[in-house]
There are 2 protein chains.
Amino acid sequence: MESLSSNKSFGGVQQQCEHQSKVLHCAMRFSVFLPPQATDDNPVPVLYWLSGLTCSDENFVQKAGAQRMAAELGIAIVTPDTSPRGVDVNGDTIADDEAYDLGQGAGFYLNATQAPWDKHYQMYDYIAYELPALIEANFPVSDKRSISGHSMGGHGALTIGLRNAPRFKSISAFSPIVSPLNCPWGHKALAAYLGDDQALWVKYDAVELMKKIKGDTAHLPPIKVSQGLADNFLEQQLKPHLLENAANQVNYPFEIKVHSGYDHSYFFISSFIDEHLIFHAQHLLK
Amino acid sequence: MESLSSNKSFGGVQQQCEHQSKVLHCAMRFSVFLPPQATDDNPVPVLYWLSGLTCSDENFVQKAGAQRMAAELGIAIVTPDTSPRGVDVNGDTIADDEAYDLGQGAGFYLNATQAPWDKHYQMYDYIAYELPALIEANFPVSDKRSISGHSMGGHGALTIGLRNAPRFKSISAFSPIVSPLNCPWGHKALAAYLGDDQALWVKYDAVELMKKIKGDTAHLPPIKVSQGLADNFLEQQLKPHLLENAANQVNYPFEIKVHSGYDHSYFFISSFIDEHLIFHAQHLLK
């Protein structure tokens with residue numbers, strides 16, 4: 001693992017690193033914010049932040065303004081990239097697509113099964129397992145984890161969080177794609193990455209995962225969703241009511257807050273990121 | 001004046017606009033954050049933020065995280081571009097230089113007298129007069145103004161603020177170039193824009209302006225400077241002690257805070273922008 005940059009921020013340190021991913025078979029960059037409380041003697045919990053379409057690991061770092069509250073609460077934040085990029089370990093160019101919503105910058109946090117994507121696009125395994133193991137081996141952090149994200153990254157946070165409940169203490173999302181089965185972004189990406197059999201898509205669909213939950217839900221990681229009502233993608237792509245309805249059906253610990261006038265941008269995220277950090281802190285620090 | 005974008009942020013609105021500048025003879029972009037308190041019946045004061053080399057109006061908007069505290073305090077923030085750009089009113093390409101520290105993105109907040117710069121590079125008049133008049137005619141703001149900036153923009157804030165004391169209530173700067181007469185960035189830019197006669201440079205040199213102040217200084221706009229001690233440009237380009245010494249000599253209301261470990265980046269600005277906003281609010285809101 002190589003450190004690419006390190007900047008003091010709110011008494012902590014914002015770093016960007018690169019490492020060779022075994023599951024993605026290529027070099028990957030990620031950013032990590034360590035709050036001032038993080039020391040070898042005092043490992044801190046980690047929030048994983050998954051960004052949306054077109055983003056790298058840097059968008060959240062630069063635009064969300066999360067470091068202030070993370071430093072106050074004593075929480076590390078890890079922001080991975082949104083897909084494999086560049087060239088792989090053999091020097092071959094990683095598959096891409098000219099569109100913004102497929103290929104590089106659009107990994108959809110799943111394990112692809114279809115060529116040409118299956119060789120590298122294994123972002124589900126990377127986020128759920130490889131990256132946390134790397135982070136916990138190399139930084140002064142504990143194994144207490146929460147997960148959050150925006151749009152495609154909200155989809156990633158919800159699906160990875162729901163499928164790995166003991167590994168993540170709490171889940172949140174801004175403006176998430178809650179059901180790839182029910183939106184154009186999802187249909188395009190999942191058809192390409194997983195093939196046309198929609199029965200294989202359900203494990204990457206937060207609404208379908210929610211519908212399958214049975215029994216006592218009190219021990220499961222609570223979910224918090226924030227949604228702007230001036231979001232251009234709300235009706236066609238995001239449809240958070242589908243997840244709200246499914247959560248209510250199974251009595252899942254779920255809250256959604258809607259915000260008049262806010263759009264799909266990082267200006268929405270920065271306005272409410274403190275609320276999400278405090279929500280996760282309640283579950284990470286207890 | 002044309003609105004290019006508008007995003008709700010912390011209950012207020014972050015806008016980007018374009019207008020035809022009369023003093024620069026070209027189209028100029030600027031960004032403005034209006035806090036939720038700003039209405040026609042309740043005009044709010046304005047902080048002008050001047051960015052550093054290579055920046056546009058967008059860097060501060062996206063990276064500083066200033067909107068939260070500005071919304072809390074009820075202060076508007078206007079962020080102009082750092083130079084003329086593109087083409088002028090005749091369709092001629094605005095003069096530029098391949099280097100990052102001269103030409104587009106590097107206007108140095110002065111009125112150029114030398115060709116080819118003199119035709120458009122009149123940023124001093126633009127920031128001190130034309131832009132405030134435009135802002136006050138078109139937004140729900142008062143004529144109470146303060147000024148701040150970073151690096152080259154810190155130089156701009158100090159020199160424009162010191163030369164227009166009644167027009168600006170308070171002045172602050174992060175990591176400012178305090179004396180173009182005493183650094184390589186200053187020598188290169190001022191020689192190109194103003195010619196080789198250094199006697200003509202002194203009105204754009206905060207240290208020289210400070211040295212000329214006489215008599216009672218209690219009514220003059222107080223200055224706050226923040227400087228990171230891990231700033232790569234500190235010793236060769238910035239030299240804030242020159243301004244501190246000059247301010248002490250004339251008993252100017254001046255404070256400087258230095259911060260161990262912080263560098264020249266926006267991570268430093270975001271860590272301490274709240275302090276600067278509170279400083280300006282003390283003078284804008286009284």
Side-chain angles (χ1 to χ4, degrees), chain A residues 4-16 31-36 55-56 58-72 77 79 174-175 226-232 234 257-278, chain B residues 4-16 31-36 55-56 58-72 77 79 174-175 226-232 234 257-278:
Chain A
L4 301 178
S5 68
S6 178
N7 302 87
K8 192 168 180 181
S9 169
F10 289 95
V13 62
Q14 181 69 57
Q15 290 183 255
Q16 189 183 41
S31 289
V32 56
F33 175 71
L34 290 175
C55 288
S56 74
E58 295 189 297
N59 300 65
F60 181 84
V61 169
Q62 295 178 347
K63 295 183 176 180
Q67 292 94 345
R68 189 185 65 88
M69 184 57 76
E72 191 173 321
I77 304 179
T79 54
F174 287 82
S175 330
S226 294
Q227 177 62 56
L229 294 179
D231 186 325
N232 286 335
L234 178 53
K257 282 178 77 172
V258 296
H259 298 278
S260 173
Y262 285 91
D263 59 28
H264 200 66
S265 72
Y266 264 90
F267 293 109
F268 175 49
I269 297 170
S270 62
S271 296
F272 297 98
I273 191 66
D274 285 1
E275 269 188 23
H276 282 243
L277 290 166
I278 291 167
Chain B
L4 301 177
S5 67
S6 179
N7 301 88
K8 192 168 180 180
S9 170
F10 288 95
V13 61
Q14 181 69 58
Q15 290 184 256
Q16 189 183 41
S31 289
V32 55
F33 175 71
L34 291 174
C55 289
S56 74
E58 295 188 298
N59 300 65
F60 181 84
V61 169
Q62 295 177 349
K63 295 183 175 180
Q67 293 93 347
R68 188 186 65 88
M69 185 56 78
E72 191 173 319
I77 303 178
T79 54
F174 287 83
S175 330
S226 294
Q227 177 63 56
L229 294 179
D231 186 325
N232 286 336
L234 178 54
K257 282 178 77 172
V258 297
H259 298 278
S260 173
Y262 286 91
D263 60 28
H264 200 66
S265 72
Y266 265 90
F267 293 110
F268 175 49
I269 298 171
S270 63
S271 295
F272 297 99
I273 191 66
D274 285 2
E275 270 189 21
H276 282 242
L277 290 165
I278 291 167

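First the proteins, then the strands, lettered A, B, ... as listed; each starts at 1. Source: prediction; values computed, not measured.
Residue contact with chain A, scored on non-hydrogen atoms closer than 4.5 Å, involves the backbone and the side chain of Asn7(B) alike. Interface remark: Val13(B) contributes no atoms to any contact with chain A (heavy atom separation under 4.5 Å). Only the side chain of Gln14(B) comes within contact range of chain A, judged by heavy atoms closer than 4.5 Å. With a threshold of 4.5 angstrom between heavy atoms, Ser270(B) approaches chain A through its backbone and through its side chain. In this structure, the portion of Ser6(B) lying under 4.5 Å from any heavy atom of chain A is its backbone and not its side chain. For Tyr266(B), no part lies near chain A; criterion is any non-hydrogen pair under 4.5 Å.
Taking chain A as the reference chain and counting heavy-atom pairs below 4.5 Å, the highest number among Ala71(B), Gly261(B), Gly65(B) is found for Gly261(B). Comparing Val61(B), Asp263(B), Asp274(B) by how many heavy-atom pairs each has under 4.5 Å with chain A, the most go to Asp263(B).
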side-chain contact (heavy atoms from CB on, under 4.5 Å) assessment of Lys8(B) paired with His259(A): CA-CA 10 Å; Lys8(B) 192 168 180 180; His259(A) 298 278; over 6 Å; no
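To the nearest 0.5 Å, atom CZ of residue Phe272(B) and atom CZ of residue Phe10(A) are 8.5 Å apart. Phe268(A) CZ to Ser9(B) OG: the interatomic distance, rounded to the nearest 0.5 Å, is 11.5 Å.
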